[in-house]
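Since this is a predicted model, take the numbers as computed values, not measurements. Every chain is numbered from 1, with letters handed out A, B, ... down the list of sequences.
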Protein chains: 2
Amino acid sequence: MEECAPSRPPLGLLLRLVHQHWTQAVEAALDEAGFGDIRPPHANVFTFARPEGIKVSELTKLAHVRKQTMTQAVEELERLGYVERRPDPDDRRARLVFLSERGKGVRPIAMATGRLIDERWAEIAGSQEIEQIKHALQRLLDRLQGDDQTGFGG
Amino acid sequence: MEECAPSRPPLGLLLRLVHQHWTQAVEAALDEAGFGDIRPPHANVFTFARPEGIKVSELTKLAHVRKQTMTQAVEELERLGYVERRPDPDDRRARLVFLSERGKGVRPIAMATGRLIDERWAEIAGSQEIEQIKHALQRLLDRLQGDDQTGFGG
DNA sequence: GAGATATAGACAGGTACCTGACTATTATGT
DNA sequence: ACATAATAGTCAGGTACCTGTCTATATCTC
């Protein structure tokens with residue numbers, strides 16, 4: 001086990017390139033499934049939507065993006081007819097996001113996309129390899145931010 | 001070895017969050033070193049610059065970004081006085097990028113930034129953990145693109 | 001119940017990457 | 001040598017994130 005090269009490619013480059021692959025894979029998968037108008041950032045909305053409705057601010061916490069990013073995704077989905085926004089009866093500042101009928105139909109596909117890519121990558125790189133990467137990244141994140149912020153810690 | 005949770009946090013989310021941490025760490029390190037005007041994408045230029053000059057198109061291959069991204073980085077560095085561009089005597093289409101005196105002074109710091117972050121992360125998460133992530137990501141990339149495209153393949 | 005603070009969302013603007021189309025020049029193949 | 005293809009670089013435009021500021025409403029404290 002000689003360590004011939006302790007740190008040749010900067011970690012940042014590897015992260016960027018793999019992340020790019022991931023995004024492109026998600027996009028291609030949505031396209032294949034016939035939902036070319038749904039883009040990766042929209043998938044979060046489908047994943048976390050609830051029948052009782054959900055606030056944009058809650059979505060931002062779950063998906064770990066900023067308000068503006070999530071707002072834009074919701075607005076686009078609203079324009080495309082996949083979601084509706086209605087005032088929150090319990091909080092006059094807030095508007096709740098609901099899936100439309102059309103949105104409910106798409107949900108399983110949009111939610112499954114991430115898992116689909118996981119599986120494809122497991123096929124080409126080995127599923128334990130992928131799991132190992134995930135666990136390692138998760139541990140690294142936990143140490144970097146001192147606490148589980150992915151909301152998937154359970 | 002029970003697999004209690006085969007794939008809870010989508011890999012894409014982990015990659016995005018860790019990459020964000022990385023970028024912020026690089027930015028903070030450059031800032032600490034007193035080079036607040038140098039931003040992460042500029043670091044590549046310093047890393048790959050050569051005394052004989054280098055074409056933007058070569059830089060794009062080494063850093064794995066597109067022409068426009070690299071061109072912008074070079075233009076900004078030119079405006080800041082860190083690099084100069086001169087016509088390539090051997091190819092009238094091309095312009096060669098050279099480090100200015102000022103740029104040469106900054107080079108060690110800009111080049112070292114990635115390694116510095118590596119070391120800091122190794123301290124908080126364990127150096128073998130970091131190495132393991134790098135190797136795993138590298139293997140994954142190789143399998144995804146069928147070939148080593150990082151230019152660090154050894 | 002008045003005042004400080006936190007939260008929901010809107011608005012304006014920036015960054016680091018991407019794509020595609022275009023011109024000028026160089027390399028290639030017959 | 002001449003048509004074709006590849007390459008260097010520019011221009012125009014798009015995406016998915018980010019930051020900071022601002023208003024309206026809620027909550028918490030005294």
Identify whether the distance between the nearest side-chain nitrogen and carboxylate oxygen of A:E84 and A:R102 falls below 4.0 Å. no

What is the distance, to the nearest angstrom, from the CD atom on A:E78 to the C1' atom on C:dG9? 13 Å

Between A:D118 and A:K134, does at least one N-O distance fall below 4.0 Å, as a salt bridge requires? yes

Could you state the CD1-C1' distance from B:I54 to D:dG9, rounded to the nearest angstrom? 15 Å

Could you check whether A:D91 gets within reach of a base, just the sugar-phosphate, or nothing at all, counting any heavy atom under 4.0 Å? sugar-phosphate

B:R95 CZ to C:dT25 P, in whole Å, measures 14 Å

Tell me: CG of B:L59 to P of D:dT7, nearest whole Å? 17 Å

Does this structure show an ion pair linking B:E101 with B:K104, if we count only N-O contacts that are shorter than 4.0 Å? yes

Hey, is B:R95 close enough to B:E78 for a salt bridge, meaning N to O under 4.0 Å? no

Going by modelled atom types, is there a donor-acceptor pair between the base of C:dT26 and the side chain of B:R93 at under 3.5 Å? no

Among C:dT26, C:dA8, D:dG9, which is the nearest nucleotide to the side chain of A:K55? C:dA8

Here the distance between atom P of C:dA8 and atom CE of A:M70, to the nearest Å, is 14 Å

Protein-proximity profile, nucleotides 15-21 of chain C, B/S/- by nucleotide at the 4.0 Å heavy-atom cutoff, equals -SBBB--

Using whole Å, what does the distance between atom P of nucleotide D:dT7 and atom CG of B:D90 come to? 18 Å

Output the distance between atom CZ (A:R139) and atom CD1 (B:I133), rounded to the nearest 0.5 Å. 7.5 Å

Looking at B:R120 and B:E32, is any side-chain nitrogen of the basic one under 4.0 Å from a carboxylate oxygen of the acidic one? yes

Rounded to whole Å, please give me the gap between CD in A:E58 and P in C:dA6. 20 Å

Is there a side-chain contact between A:L59 and A:N44 in this structure, where contact means two heavy atoms from C-beta onward sitting under 4.5 Å apart? no

Would you mind telling me which of C:dA8, D:dA8, C:dT25 lies closest to the side-chain atoms of B:S57? D:dA8

